[in-house]
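All chains are named by letter (A, B, ...) in the order of the sequence lines, taking the proteins before the strands, and each is independently numbered beginning at 1.
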Amino acid sequence: MKTMERDIEEIQQFSGKSSGVRLSGVTKIFPQMEGNGEFVAVRNIDLNITDGELVTLLGPSGCGKTTTLRMISGFEYPTSGEIFIGDRPMANVPPNKRGISMVFQSYALFPHLNIYENIAYGLRVKKLSKSVIREQTNKVIKLMQLSGMESRFPSQLSGGQQQRVALARAIVIEPKVLLFDEPLSNLDAKLREHMRDELRSLQKRLGITSLYVTHDQSEAMAISDKIVIMDKGDLVQMGSPKEIYEYPNSPFVANFIGKANFLRCELKELKDGSAFVKVGDVPITVPNPGPVEIEAGGQYCLCIRPESIELMPEGDGIPGVISRATYFGSKMEYEVQMGDNHLIVEIYNPQLSVLFHEGDHVKTKLDLECIRVLKEEEIIQD
Amino acid sequence: MGAKGQLVSRRKLSAKNSMKDFKMLLHQPLLLLTIIAVFVLLFIFIMLPIFNVFKLSFTNAEGGFTTQKFIEIIQNKGYGQTFLNSMKLGLIVALVSTFIGYVFAFALTRTEMPGKGFFRAIATLPIISPPFILSLSIIFLFGRQGLITKTLFGIDTFDVYGIHSLIVVQSISFFPVAFLTLTGILESIDTSVEDAAYNMGASRGHIFRTITMPLSAPGIASALLLVFIQSLEDFSNPAVIAGGFSTLAVETYRIITGMYDLQGGSLLAIILLLPTVCAFLLQKYWLKGKSFVTVTGKPSQKGRKLHEKHIMWPLFAFCTVISGIIILFYGTVLIGSFIKTWGINYTFTLEHFEYVISLGWDALKNSITLATISAPIGGILGMIIAFLTVRKNFFGKKVMEISSMLTFAIPGTVLGIGYVCTFNQKPLLLTGTALILVAAFTFRNMPVALEAGTSTLLQIDRSIEEASTISGADNGVTFRRITLPLLKQAFFSGMVYSFVRAMTAVSAVIFLTSPKWTLATTKVFSLFEASKYSAAACYVMIMIVIILTAIVLINFLVQTLLAPRTKVYK
Ligand SMILES: Nc1ncnc2c1ncn2[C@@H]1O[C@H](COP(=O)(O)OP(=O)(O)O)[C@@H](O)[C@H]1O
Ligand SMILES: [Mg+2]
């Protein structure tokens, strides 16, 4: 009972202080070291993070995620555009006055201070009274389950513990916004999943507005209220994990979040929101083509998730031949050759379904509801 | 578009970035003030004096521009010879020192030779010892009353004065510079390449010629240039044992003090300045300067070191011989300080100590005081400039970097002349005060702290400081609470070096001392000129003791003041 009360108290304490973040037309151009060129690291980004939300910046390495984060933290300034925290423009506010906190990829713990002093650092800098510092620090130490390690030094902790200290140090100052730059990338897979869940539940409980950078799509799916996909400095799509996965607006996004099959097609007709397309000679009706603007007569590509395809030994469906069959335990993964195209198909719970072998002739049935029509672009399929 | 369009846009972009940098600075007043203060200091105490040396050299009596004196100097055969002498000496000493330094560095980093700690200690001795000591020793050993020449072999025709003695003395004085530079390089070479080659059947000799040697070539070049600079700058040794062999640093001094020709002196100073600055810039930018201090880096080598007897023992023998010579030299001076009259009456006495203490105590006190004041200032200034140039962006950063490093390459004589003609009138009237000496020490010795600080900072993840900033700390707090403690080791080396150089400086202060502020080194110099060798020996021995004590004290202070907080408040 007692702990519950305290938790609620904490939540109230924190959520009162957190605030939203807004980016408006933010661009960052680096002069290039060699030659006279310039390099656009972030291009014209608009982004709105509402109070208490956890938003993830997701994209391949080098797409400008860290740069965006560093502009919000104030370590870089935008070449153009404005950043607001709460409603306050940040252009002239140095990093230490922005009321934000950050968890670094390398943790960046102070090697010469013990754990207690690492965590208390921000409070000491604020020159709070000794008793307040002691109380706050010990509260966070408890919250992060670091009791007993106060007098150790960072080098004496495991990766997971260091991660906790970094987080403790970041939240102890009760920031308005919390920034994370790939905080879990230095942990091994098991611990990563554990810390990921812990982090998310803590963020929810404290209600701190958070911006999280990662290049790991499953991490992004697991923790985000909203995902922002970036590519080569551009913001290419933004939405909830579900929206992004189910309604990608480009083959790049579809391919980056989960796996996807792409089939080149011609749009014959648009009627009542349904799209009638032809893949080669095969006519397909797509009842829910998705967010992309399309018009009859154009060349497009269909996007189908591997789990939205069924395979049958015979019956109605497009014929194909199994060219690869891989057993993963929780699922079977097949590669099906259909004329010039090949499809990746995932069948879950293979214990309960018919198994196919390489060379088998099959009929494929697409879950039409799950097909999206996207603009053709260069598809990087791995 | 094309190249031109890009050029314009880049310039606009840089301008825009600079503008934003500047705006950001306006919101960090402490940082801005610090940057301005550093620039002002560098301007007044480094750039202005150097500029004034040039101005003085090329100004005639009426205040107009003239090259007349310059042409006179260039056409003067004697000065031409002096220039060649300096070059010749510099080259020979650079080669010998680098060779010794390389063998030491290789033996100490790459083999399992015994006695490494001992050899390392021996190799640091010349760095922390007062000037004149090796010259003294060579006179004690090979001079007219020399222990070896006269007492042992009965020779009294051997002339100890000249280039041969200078080569010996300078090589021993400066090989530690090469040793430290090369140790850094050799430690940073990944030995796995060598191991791989060895496993493929290459002989050790072959590996050394084809892998180790080429990989350490930049370090060798660095060492050559750094020793070359030191040899050219050296005033104290040629001043007392060069005999008829004139060198630039000494000739400059002679012209000014003997012929009262300040203009001629400053012209010679410029002729001395050019090669040292060229060598320095070459070392710094062409070779991407591997530092001239102890490289703070961590040795990355694992695995077995060389232990073959036919490699290890010759190296050991070489190191032992060199160490033996060094011990012989220092030991001679130690003994000499207790001997009644060297070469004539070898009875034990303390009378020189009594004499020296009654005569030179004030000068010693002055030296200690001024070194104690300038060492922490130089140390802190070095750390601040390292912090600014490595971590911050501002207009003129490159200028700050180069000008603060440059004093390493500016011969003391040149700096001394610059100070004399810069600070002899209002509003910067400093001649005759302690302040001018403190300034000279601080700025001349700061580059080592700066260099150590820079190379350490480059190895520290900058996000550690960003973590402090984001926790709410401003630049001042971050610097004091995070950066400086992390730079503890560099700060220590910087302070020690500053202190030692201040205690042992000769050339930079020879024009700056005043009756009120005589210094220990100038006292030794005058004892030397009066041929009071035993008294001089006493004096340098006392100085060594003071320096060693100071090093221990500084270490203690740095460790205590910058000790981490470790208490836990429950
Ligand atoms: N200070 C800088 N100067 C020049 N280019 C930079 C700088 N910082 C980042 N970049 C470039 O900007 C691009 C985006 O970098 P970053 O934001 O770190 O990517 P991400 O975090 O998404 O991997 C990279 O190509 C990087 O090389
Ligand atoms: Mg990144």
Side-chain angles (χ1 to χ4, degrees), chain A residues 29-32 35-38 70 73-80 91-118 120-126 130-131 133-134 137-138 141 150-151 153 166 169-170 172-173 175 179 181, chain B residues 2-31 391 393 460-478 480-489 562-570:
Chain A
I29 304 175
F30 288 113
Q32 226 146 27
N36 285 314
E38 48 184 49
R70 288 175 65 80
S73 66
F75 293 126
E76 301 277 2
Y77 42 77
T79 310
S80 62
N92 293 324
V93 185
N96 58 323
K97 300 272 162 58
R98 293 192 172 194
I100 50 179
S101 216
M102 185 156 168
V103 178
F104 294 84
Q105 182 167 13
S106 56
Y107 311 143
L109 301 179
F110 307 128
H112 61 300
L113 299 181
N114 66 19
I115 301 312
Y116 183 91
E117 286 302 329
N118 259 281
Y121 184 80
L123 303 173
R124 286 203 193 288
V125 165
K126 280 190 191 162
K130 282 212 171 94
S131 61
I133 294 178
R134 191 176 314 174
T137 308
N138 282 316
I141 285 176
E150 293 93 334
S151 56
F153 282 84
R169 184 180 64 184
V172 77
I173 56 173
L179 306 176
D181 190 0
Chain B
K4 200 167 176 197
Q6 273 184 348
L7 204 73
V8 170
S9 76
R10 179 182 154 84
R11 203 174 298 147
K12 261 194 207 154
L13 185 67
S14 314
K16 202 164 177 181
N17 280 344
S18 304
M19 214 35 229
K20 296 225 167 161
D21 279 333
F22 184 67
K23 269 195 187 157
M24 229 25 188
L25 272 181
L26 287 181
H27 291 268
Q28 297 163 287
L30 180 69
L31 183 62
R391 295 292 203 233
N393 267 322
I460 298 174
D461 185 359
R462 73 187 300 158
S463 56
I464 291 180
E465 283 152 295
E466 288 175 353
S468 162
T469 305
I470 211 86
S471 299
D474 59 26
N475 286 301
V477 173
T478 300
R480 214 193 67 67
R481 299 280 285 271
I482 305 296
T483 315
L484 202 50
L486 292 179
L487 289 179
K488 194 157 73 173
Q489 205 47 50
L562 297 178
R565 279 178 201 254
T566 51
K567 258 202 184 144
V568 172
Y569 304 87
K570 284 271 168 138

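- Interface remark: B:Asp461 contributes side-chain atoms only to the contact with chain A (heavy atom separation under 4.5 Å).
- Across all non-hydrogen atoms, the minimal contact from A:Thr137 to A:Ala120 is OG1-CB, 3.6 Å.
- Contact annotation for B:Leu486: only side-chain heavy atoms (C-beta onward) come within less than 4.5 Å of a heavy atom of chain A.
- Looking at every heavy atom in both residues, A:Ile29 comes nearest to A:Glu38 through CG2-CB, 3.7 Å.
- Proximity of a side-chain donor or acceptor of B:Ser468 to a complementary backbone N or O of B:Ile464 within less than 3.5 Å is not detected.
- Contacts of A:Leu109 with chain B are made by backbone atoms alone, with heavy-atom separations under 4.5 Å and no side-chain atom involved.
- When all heavy atoms of A:Pro95 and A:Ile100 are compared, the pair lying nearest together is O-CG1, 4.4 Å.
- Considering only heavy-atom pairs separated by less than 4.5 Å from chain A, the leading option among B:Ile470, B:Val477, B:Asn475 is B:Ile470.
- Under a cutoff of 6.0 Å and an axis angle of 45°, A:Arg169 and A:Phe110 form a cation-pi pair.
- The part of A:Val93 that comes within reach of chain B is its backbone (N, CA, C, O), which places non-hydrogen atoms under 4.5 angstrom from that chain.
- No part of A:Ala170 comes within reach of chain B, as not one of its non-hydrogen atoms sits under 4.5 angstrom from that chain.
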